[in-house]
Number of protein chains: 2
Amino acid sequence: MYICIKLISMNSFTEENYLKAIYKLLEKESVVTTNAIAEKMNTKAASVTDMLKKLADKKFINYQKYQGVSLTAKGEKIALNIIRKHRLWEMFLVEKLNFKWDEVHDVAEQLEHIDSDKLIAQIDHFLNFPKFDPHGDPIPDANGKFHIQKSQLLSELKKNSACIMTGVVDHSPAFLQYLDQAAIGLGDEIKIKDIVSFDKSLQISVNKKNSLFISNEVAKNILVIIK
Amino acid sequence: MYICIKLISMNSFTEENYLKAIYKLLEKESVVTTNAIAEKMNTKAASVTDMLKKLADKKFINYQKYQGVSLTAKGEKIALNIIRKHRLWEMFLVEKLNFKWDEVHDVAEQLEHIDSDKLIAQIDHFLNFPKFDPHGDPIPDANGKFHIQKSQLLSELKKNSACIMTGVVDHSPAFLQYLDQAAIGLGDEIKIKDIVSFDKSLQISVNKKNSLFISNEVAKNILVIIK
DNA sequence: ATAAAAATTTAGACTAGTCTAAAAAATAAT
DNA sequence: ATTATTTTTTAGACTAGTCTAAATTTTTAT
Ligand SMILES: [Mn+2]
Ligand SMILES: [Mn+2]
Ligand SMILES: [Mn+2]
Ligand SMILES: [Mn+2]
């Protein structure tokens, strides 16, 4: 008979946030710089360097002075778990507590650090194991696996194409509120009626009903899959 | 037209925990000592003194060197809000996520610090505004008001009295698990069939069905109201 | 009333995380 | 191939919260 003691040296919120930031930067670029992390974390490069040393000591990142960083398997696992928790909590807030999709992010930033495997497993179950969050972003499973939707920008489609909205690029409340007001949401069918050559703005129909104009800037922040 | 900016200098988790600890100590004694706080917070008296100075600066407590502390209205409000959140989260975990009453406390210790008025209002609504938590403790409303059940200890009742269980004194998982196993829970009707004069242990019946013996020590940790 | 014991506070040190300013390294421009 | 610019790291300092050890105050016991 064996006794298991939970020694696990919990990671601080700060460490978790750095790992998440690095993960998200790695989604865009293959190498992540000190300055990029500083900007994302709203902190100074000197502070980042200090933290990188600590994360490297703990084997969460690969780091050599001046060479940028990448995540180790261990670090990526932690980052994906934080992202999983963030997105499940966002889904919970929208599905069960009547939050709007523009209201959930800040609360989820706090909830993602709650440390309880049972809690997150039960939330997942309660929500019936959703695969995507309220913004269309994939929710990693307990092993860090997730589905990628190979979507494209609405701004890249040609006249007369039809598509389904699957996500957003800009996650700001301002943009999300604009979409609400324009009655454009995830899962909606969007048809491009016309593209104004002067400014690339689009005339679209949503769910075969309302026809409206959106700017190219807006179209560049809407992710879709072609029907 | 006015612009409102949320300046509110958020209180740290640590400050919140100190205020909650002081509140709970004040429920028992009218004056709270440095050592009592140190014991409850699992810290040293010197650390407590440092924190008391800070809490007094912020006008959360009344504090004079060597004289013990009490809460100001401001401090009590914060403490009650933390307790409200703690108990609502415990209720949520039990009612919606299939947690047992012995599993909720540690998670609620984390969740109670999540800072979102809307979140806690919605959880309250979602649970249909419960008045008591899974352990029978009252849940303060948004203004800090709550119902007190004037209950007594089961160990204080006489032979042949009947009562309803309303709470527990000891909240430890070990005790709660014992009650589960003995099939004694909140709301159950308990009748005292006999009191063994030798050791004050009790023979009781629960919900008119199962008859069993419990020690005086157990009876001293069960809160009831007489039927 | 005085001495002993207990409780509390102060002093000084430590860690995590942050900052500014200065030094060092890498990159870009001539 | 130097020089200039940008990026990154180091050095030193600050805050929140904690600790141990020592000093001080209060309480208890004689
Ligand atoms: Mn988010
Ligand atoms: Mn999201
Ligand atoms: Mn509790
Ligand atoms: Mn409780």
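Chain letters run A, B, ... following the sequence lines, proteins first, then strands; residues in each count from 1.
Nearest to the side chain of Asn35(A), among dT8(D), dT18(D), dC19(C), sits dT8(D). Minimum atom distance to the side chain of Ser47(A) is reached by dC19(C), of the listed dT8(C), dT10(D), dC19(C). Closest to the Asp50(B) side chain, of the nucleotides dT8(D), dT9(C), dC19(D), is dC19(D). In this structure, the nucleotide among dT9(C), dT10(C), dT8(D) sitting nearest to the side chain of Lys53(B) is dT10(C). For Ala46(A), counting side-chain heavy atoms from C-beta on, the closest listed nucleotide (dT10(C), dT20(C), dT18(D)) is dT20(C).
Relative orientation of the His135(B) and Trp101(B) rings is parallel, given thresholds of 30° and 60° on the angle between their planes. Ring geometry for His113(B) versus Phe13(B): interplanar angle under 30°, hence parallel rather than tilted (30 to 60°). Trp89(B) and Phe92(B) have perpendicular rings, their planes meeting at more than 60° on a 0 to 90° scale where under 30° would count as parallel.
Between Tyr63(B) and dT9(C) there is a side-chain N or O to OP1 or OP2 distance below 4.0 Å. A sub-4.0 Å separation between OP1 or OP2 of dT18(C) and a side-chain N or O of Tyr18(A) is present.
Between Thr43(A) and Gln67(B), it is Gln67(B) whose nearest contact on DNA chain C lies nearer the 5' terminus.
Between Tyr66(B) atom OH and dT8(C) atom C1' there is a gap of 5 Å when expressed in whole angstrom units. Taking atom CE of Met51(A) as the reference point, atom C1' of dC19(C) lies 14 Å away to the nearest angstrom. Taking atom CG of residue Leu55(A) and atom P of nucleotide dA16(C), one finds them 12 Å apart after rounding to whole Å. Taking atom CE on Met41(B) and atom C1' on dT18(D), their separation rounds to 11 Å, with Å as the unit. In this entry the distance linking NZ of Lys65(B) with C1' of dA23(D) reads 11 Å, nearest Å. Atoms NZ (Lys44(A)) and C1' (dA11(D)) sit 17 Å apart, rounded to a whole Å. The distance from atom CG of Leu52(A) to atom P of dA16(C) is 16 Å, rounded to the nearest whole Å. Going from atom CG of Asn11(B) over to atom C1' of dA16(D) covers 14 Å, rounded to whole Å.
Thr14(A) comes within 4.0 angstrom of sugar-phosphate atoms only, judged by non-hydrogen atoms across all strands, and of no base. The residue Thr34(B) sits close only to the backbone: its heavy atoms come under 4.0 Å of sugar-phosphate atoms, none of a base. Phe13(B) comes within 4.0 angstrom of nothing in the nucleic acid, heavy atoms only.
For the residue pair Asn216(B) and Ser155(B), no side-chain donor N or O sits within less than 3.5 Å of a side-chain acceptor on the partner.
Judged by the 6.0 Å distance and 45° axis criteria, Lys96(B) is not positioned over the aromatic ring of Phe126(A).
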